[in-house]
Amino acid sequence: MPRRTGPRARAAGVRPDPYRVWLSEIMLQQTTVAAVKSYFTAFTERWPTVTAPASARDEDVMAAWAGLGYYARARNLLKCARVVAGDYGGQFPQDHATLLTLPGVGRYTAAAVAAIAFDDPQVVVDGNVERVMARLHDEHTPLPQAKPLLTDYAAALTPPTRPGDYAQAVMDLGATICTPKRPACGLCPRRAPCAAWAAGTMAELPKKAPKKRKPTRHGIAYLARRVDGAWLLERRPDKGLLGGMLGWPGSDWGEDPAEAPPIRAEWRALGEEARHTFTHFHLRLTVKTALVPMERAPDRGDFIEAPDFSPADLPTVMRKAFDLAQGALEQAALGWSA
DNA sequence: TAGACGTGGGG
DNA sequence: TCCCCAAGTCT
């Protein structure tokens, strides 16, 4: 993965594979290197070139993305791979403006791919770069208002040569030394010209608009296990939260959700709720389980045979519900509860 | 354009 | 146990 191996891992002048650069930048959006690493390895081993995910089944790619979050990235990854495979002969466009037209590729990613994969000196501005620029210039204007100014600062520093190495270097600096909290200024190669260091304000920059509190929503998830071990699951619609992902059929998520069992059964609620926090709300999920006979047909969802089901294919909130149910089953089997 | 959109780790 | 935070894009 380019960002982790770093510029020094490559011989000067050798351009990294645009597909791998694009894939890693998509995965790294709002996500740490540590979280991305195993996913990047799994993706590139299974789908080594952009034509591979382009011809993959949606469900396989969504399952491989499960747990990484922001699932619109995976849906757009599929769209983008198919555009590149279909409209560009399997070769990523090199032009920044054309990159920007690809699904899931915004200003940051287009600039990063152009700079890192194609040696084009585009101005790469992510959260790390914003922080580094705010500190170098002791800029106290809060984000996102300060973004244009910080981009100007970044542009003034972007070199005409080796822009990819430069971009990765600044982002690495932000990730490892010029960190959000307790920056390691003693190790910083740009301490001398840093205005925030001179002013002693580095730890409070960049300023940001205050965050809003998250409301708590409630919901019910229904985990039906057929006597042969199959599980009742449902593919979520492409739009919206967890779009395109597999999940347990459930109620709406809100103040006081109504029952919405997907199949007739004797439902029993677990003693403990599954708790999960999304970007903009907390969720407390009541988990209900039932054992259903072979011949009974569900009103919603489809039974997936036990060998075809892996909880790793589920988004985290759904996997938490599964883990709770499993734990309850094991406790019951061991006679720990009635 | 502000809000929607995940998750895991640190305090 | 929470609360807060972090490597964007789309609508």
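Order of the sequence lines fixes the chain letters, A, B, ..., with proteins taken first and strands second; residue numbering starts at 1 for each chain. Fair warning: this is a prediction, and the values are worked out from it, not measured in the lab.
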Length of the line joining A/Arg73:CZ and C/dT9:P, which is rounded to integer Å
11 Å
Quiz item: A/Thr31 side-chain donor-acceptor pair to B/dG6 base, under 3.5 Å:
yes
Integer-rounded Å distance: B/dG6 P and A/Arg319 CZ
15 Å
Spacing of A/Glu204 atom CD relative to C/dC4 atom P, expressed in whole Å:
20 Å
Starting at NZ of A/Lys37 and ending at P of B/dG8, how long is that distance when rounded to a whole Å?
18 Å
Any salt bridge (Lys or Arg N to Asp or Glu O under 4.0 Å) involving residues 248-266 of chain A? Give me the pairs, sequence neighbours left out, ordered by first then second residue.
A/Glu259-A/Lys288
For atom CG of A/Leu246 and atom P of B/dG6, their distance in whole Å
15 Å
B/dT7 P sits how many Å from A/Ile26 CD1, rounded?
18 Å
Apply the test side-chain contact (heavy atoms from CB on, under 4.5 Å) to residues A/Val132 and A/Arg190: give CA-CA distance (whole Å), side-chain angles for both, the deciding distance (0.1 Å), then the verdict.
CA-CA 10 Å; A/Val132 170; A/Arg190 307 307 296 164; over 6 Å; no
Give a yes or no on this: more than 12 heavy atoms of other residues, nucleotides or ligands lie within 6.0 Å of atom CD of A/Glu272.
no
When the ring planes of A/Trp231 and A/Phe309 are compared, do they come out parallel, tilted or perpendicular, using 30° and 60° as the limits?
tilted
Under 4.0 Å, counting only non-hydrogen atoms across every strand here, what does A/Lys211 touch: a base, just sugar-phosphate, or nothing?
sugar-phosphate
Going through the checks in order, is the side-chain contact (heavy atoms from CB on, under 4.5 Å) test met by A/Phe118 and A/Asp95?
CA-CA 9 Å; A/Phe118 300 120; A/Asp95 174 60; over 6 Å; no
Taking only side-chain nitrogens and oxygens of A/Thr109, does any of them come within less than 4.0 Å of OP1 or OP2 of C/dT9?
yes
Atom C1', compared across B/dC5 and B/dT1: separation rounded to whole Å:
16 Å
When we call it a touch if two heavy atoms are under 4.0 Å apart, what does A/Ala175 touch: a base, just sugar-phosphate, or nothing?
base
Base, sugar-phosphate, or nothing for A/Arg131, non-hydrogen atoms under 4.0 angstrom?
sugar-phosphate
Does a nitrogen or oxygen in the side chain of A/Thr316 sit under 4.0 Å from OP1 or OP2 of B/dT7?
yes
Output a table of nitrogen or oxygen pairs between the protein and nucleotides 2-5 of chain B separated by less than 3.5 Å.
from	atom 1	to	atom 2	distance (Å)
B/dG3	OP1	A/Lys212	NZ	2.7
B/dG3	OP2	A/Lys212	NZ	2.9
B/dC5	OP1	A/Leu241	N	3.3
B/dC5	OP2	A/His280	NE2	2.8

Whole Å only: how far is the CZ atom of A/Arg107 from the C1' atom of B/dT1?
15 Å
Mind checking whether A/Phe281 and A/Phe278 have ring centres under 6.0 Å apart?
yes
Is there a side-chain polar atom (N or O) of A/His276 under 4.0 Å from OP1 or OP2 of B/dT7?
yes
Please classify the nucleic acid contact of A/Val129 as base, sugar-phosphate, or nothing, using heavy-atom distances under 4.0 Å.
nothing
Starting at the 5' end of DNA chain C and moving along, which residue's nearest nucleotide shows up first, A/Leu102 or A/Lys214?
A/Lys214
N or O in side chain of A/Lys181 less than 4.0 angstrom from C/dA6 OP1/OP2:
no
State, to 0.1 Å, how close A/Thr176 and A/Asp172 come at their nearest heavy-atom pair, and which atoms those are.
OG1-O, 2.7 Å
Hey, which of these two, A/Arg182 or A/Tyr39, hits DNA chain B nearer its 5' end, going by closest nucleotide?
A/Tyr39
Pairs under 3.5 angstrom only: tabulate donor-acceptor contacts from the side chains of residues 81-92 of chain A to other protein residues two or more places apart or in another chain.
from	atom 1	to	atom 2	distance (Å)
A/Arg82	NE	A/Ala54	O	2.9
A/Arg82	NH1	A/Asp58	OD1	3.0
A/Arg82	NH2	A/Ala56	O	3.0
A/Arg82	NH2	A/Asp58	OD1	2.8

To the nearest Å, how far apart are A/Asn128 CG and C/dG8 C1'?
12 Å
Name the nucleic acid region contacted by A/Lys147, choosing base, sugar-phosphate or nothing; use a 4.0 angstrom heavy-atom cut-off, strictly under.
nothing
For C/dG8 and A/Gln30 - does any side-chain N or O of the residue sit under 4.0 Å from the phosphate oxygens OP1/OP2?
yes
